[in-house]
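Read the structure below first, then the notes.
Throughout, a chain's letter reflects where its sequence line sits, starting with A, and its residues are numbered from 1.
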2 protein chains.
Amino acid sequence: MKAAHMNLSQLESFVAVADTGSFTEAAYAINLTQSAVSHALAALENELGVTLLERNRKGLVAITNAGEKILPHVRALLTQAEAIAQEAKMAAGMAVGKLRVGNTLCLCPGLLASVLTHFQRQYPDIEVILFEGTMQEVALWVEESIIDVGFVPLPADRSDNTLITTDELVVVVAPGHPLLGQAAVGGDDLNDQNFIMAKSECSFQMMEMTGMDSEQAHRAIRYQASDSATILAMVREGLGITLLPRMMLPANLDGVVAIRLDPPPQLPIGLAIRSQTASPAAKLFTQTALAWTQAQGSHSG
Amino acid sequence: MKAAHMNLSQLESFVAVADTGSFTEAAYAINLTQSAVSHALAALENELGVTLLERNRKGLVAITNAGEKILPHVRALLTQAEAIAQEAKMAAGMAVGKLRVGNTLCLCPGLLASVLTHFQRQYPDIEVILFEGTMQEVALWVEESIIDVGFVPLPADRSDNTLITTDELVVVVAPGHPLLGQAAVGGDDLNDQNFIMAKSECSFQMMEMTGMDSEQAHRAIRYQASDSATILAMVREGLGITLLPRMMLPANLDGVVAIRLDPPPQLPIGLAIRSQTASPAAKLFTQTALAWTQAQGSHSG
DNA sequence: ATAAGGTTATGAAAGCCGCTCATATGAACC
DNA sequence: GGTTCATATGAGCGGCTTTCATAACCTTAT
């Protein structure tokens, strides 16, 4: 029983099932028959000698421990397969393929939009697929080959990072707030304030950049909302103050006032990719983002 | 012409040809017919739409630029394939597979030997393949998936590193050397000495750890040899002094004297692996190495 | 030159493998 | 129990991969 080689198709099936949680959906997602997926997984499991998925003729398949261990490797393998195809097309002069980009909602949405616009114009044949998640998720996704490139706040210890830009954190308060009377607002002035922040880990990071420690930050948060408009509305009502990257401020902030801090905390934002094994599209994206940064720099300089 | 999926077998063929430089040898190496390899490469190139190898009916095949770009991705892909197989076997309770270990000759050879012995005893069914190279090569090989794990001097910026041990650098001189008269030998005392060092980049790193700068180190080296016995013989003849990690000293150093430095420079030695995508065998090896370190530590403590 | 010995390429045939179609089987919900 | 949802299974077709045999090509020696 000389085991035949495992197959890219089988691996794709496995990932698809793991992602969709269903053989039928997986089959649809990768343009195959449900039967094909079933056969593929049976063959794969047979060859590996391990059960990858706990079947359940009802609709939900659970991944086994073994499957959980193997899945990241499969993802990494398929990512390389895509990279190979892309490199080949690049060598033939065309920039095509898929690029999975991760972004954190609470990091300046305008940055992603600008870079994306430039990128799409420059490489119209690269299909961009967007993923949204927390900073931690985005960083993890890059490592696990779920996405090819992601915006993360630096310094990120894992993976390869290139600094794209920094964004200044500002305090937003209601008109007539006591802080407005001060000549300069430092980190200490924020300690006894009520904060309204986004429901994200990244809120704490931002607060700690003003000089608070983790515990203070947790205590200081009075309300948490998921949308920035909601947060600003609450600030307008005088329920508290908030801390935002400058780029997240709306064009006209009616009813609220932004105050710069002294010293101004700079949130560094970078792009994470898998250093050596990045796909060409991912490298192109990084280049585009860097070029955009420099263009911005020269505009304002 | 809907391109069929590329094939693991084709990719193996490509790597084999790239490594051996010959279709015939490659075929032999992966237990296939020369014809099969030829067909495989033709199919692969046809699908990718790129020429990967510059053929030459004489015996030597050169890799094209496109091939050069694609090759690392192929290696990474195949490494993941091996990792998948290993994870599967591990889940079934057996530790089997291949592990490619990189080592630098000038880093304590005893370390590798000890760890290897333990590892082989613990996991007799994991086949270990040794690679020797300079520190830079070893670090690069890990990144490029040519090896799974490698001993490198820390800090190595790339890849994931775990500290295994440190080794003290000592000065070795001929009997009667002026330095022997001093109470304590510091980095400054070495500046005007003639050095005999190994032909390796790692020599400079060691010298810089005593406080010299790069230029001083280059000037100070009088002779370079490739074997440590040769170096010690030259020191014995009074041609100069050398700097060695303690672990590289022979059991009885007849005719030469080792002097400890003050402060003693500690060369940190670690294991590099690909953080997320490491094969289970590579992780086991790291564990074994760490366990060995701790055992050593408790012996001497 | 021509032959010999090396290389890769090519064509045809065999066998295996992966896909689809059709259908069985199982679980839940009524 | 039947309906409806899911996955499993079996047979057959088509294609891909491999092998065998041989061609084409290059280099070197005679």
Just by modelled atom types, is the A198(B) backbone N or O under 3.5 Å from a matching donor or acceptor in the S203(B) side chain?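 Yes.
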
Non-hydrogen atoms of [X] and [Y] that approach each other most closely:
{"X": "W141(B)", "Y": "F131(B)", "answer": "CZ3-CB, 3.8 Å"}
{"X": "S13(B)", "Y": "L41(B)", "answer": "CB-CD2, 3.7 Å"}
{"X": "E45(A)", "Y": "L52(A)", "answer": "OE2-N, 2.7 Å"}

Please say whether more than 12 non-hydrogen atoms of neighbouring residues, nucleotides or ligands are located less than 6.0 Å from CG in N65(A).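 Atom CG in N65(A) is not packed in, count stays at 12 or less.
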
Short of 4.0 Å, heavy atom to strand atom, which residues of residues 79-87 of chain A count as contacting DNA chain C?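 Going residue by residue through residues 79-87 of chain A, none turns out to have a heavy atom under 4.0 Å of DNA chain C.
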
For DNA chain C, the residues among residues 30-40 of chain B that have a non-hydrogen atom under 4.0 Å from it: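 Residues of residues 30-40 of chain B that come under 4.0 Å of DNA chain C are, in numerical order, Q34(B), S35(B), S38(B), H39(B).
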
Side-chain heavy-atom pair V74(B), I70(B) within 4.5 angstrom cut-off: yes

Rounded distance (Å) that lies between atom [atom2] of [N] and atom [atom1] of [X]:
{"X": "F23(A)", "N": "dT25(C)", "atom1": "CZ", "atom2": "C1'", "value": "15 Å"}
{"X": "N46(B)", "N": "dG15(D)", "atom1": "CG", "atom2": "P", "value": "16 Å"}
{"X": "M6(B)", "N": "dG15(D)", "atom1": "CE", "atom2": "P", "value": "22 Å"}
{"X": "R55(A)", "N": "dT25(C)", "atom1": "CZ", "atom2": "P", "value": "18 Å"}
{"X": "L41(A)", "N": "dA6(D)", "atom1": "CG", "atom2": "P", "value": "17 Å"}
{"X": "L53(B)", "N": "dA9(C)", "atom1": "CG", "atom2": "P", "value": "9 Å"}
{"X": "Y28(A)", "N": "dT20(C)", "atom1": "OH", "atom2": "C1'", "value": "18 Å"}

The criterion is side-chain contact (heavy atoms from CB on, under 4.5 Å); which residues satisfy it with L71(B), sequence neighbours excluded?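 Scan of L71(B) (side-chain contact (heavy atoms from CB on, under 4.5 Å), adjacent residues dropped) gives F14(B), V15(B), A18(B), I63(B), R75(B).
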
For DNA chain D, the residues among residues 7-19 of chain A that have a non-hydrogen atom under 4.0 Å from it: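 Within residues 7-19 of chain A, no residue comes under 4.0 Å of DNA chain D.
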
side-chain contact (heavy atoms from CB on, under 4.5 Å) assessment of V101(A) paired with D148(A): CA-CA 6 Å; V101(A) 179; D148(A) 298 302; over 6 Å; no

If a pair satisfies side-chain hydrogen bond (donor to acceptor under 3.5 Å, both in side chains) and one of its residues is in residues 77-98 of chain B, list it, with sequence neighbours excluded. H73(A)-Q80(B), H73(A)-E87(B), T79(B)-R100(B), E82(B)-Q86(B)

List the atom pairs, donor and acceptor, that lie under 3.5 Å between side-chain atoms in residues 28-37 of chain B and the rest of the protein, sequence neighbours left out.
none

How many angstroms lie between atom NZ of K283(B) and atom CG of L271(B), to the nearest 0.5 angstrom? 14.5 Å

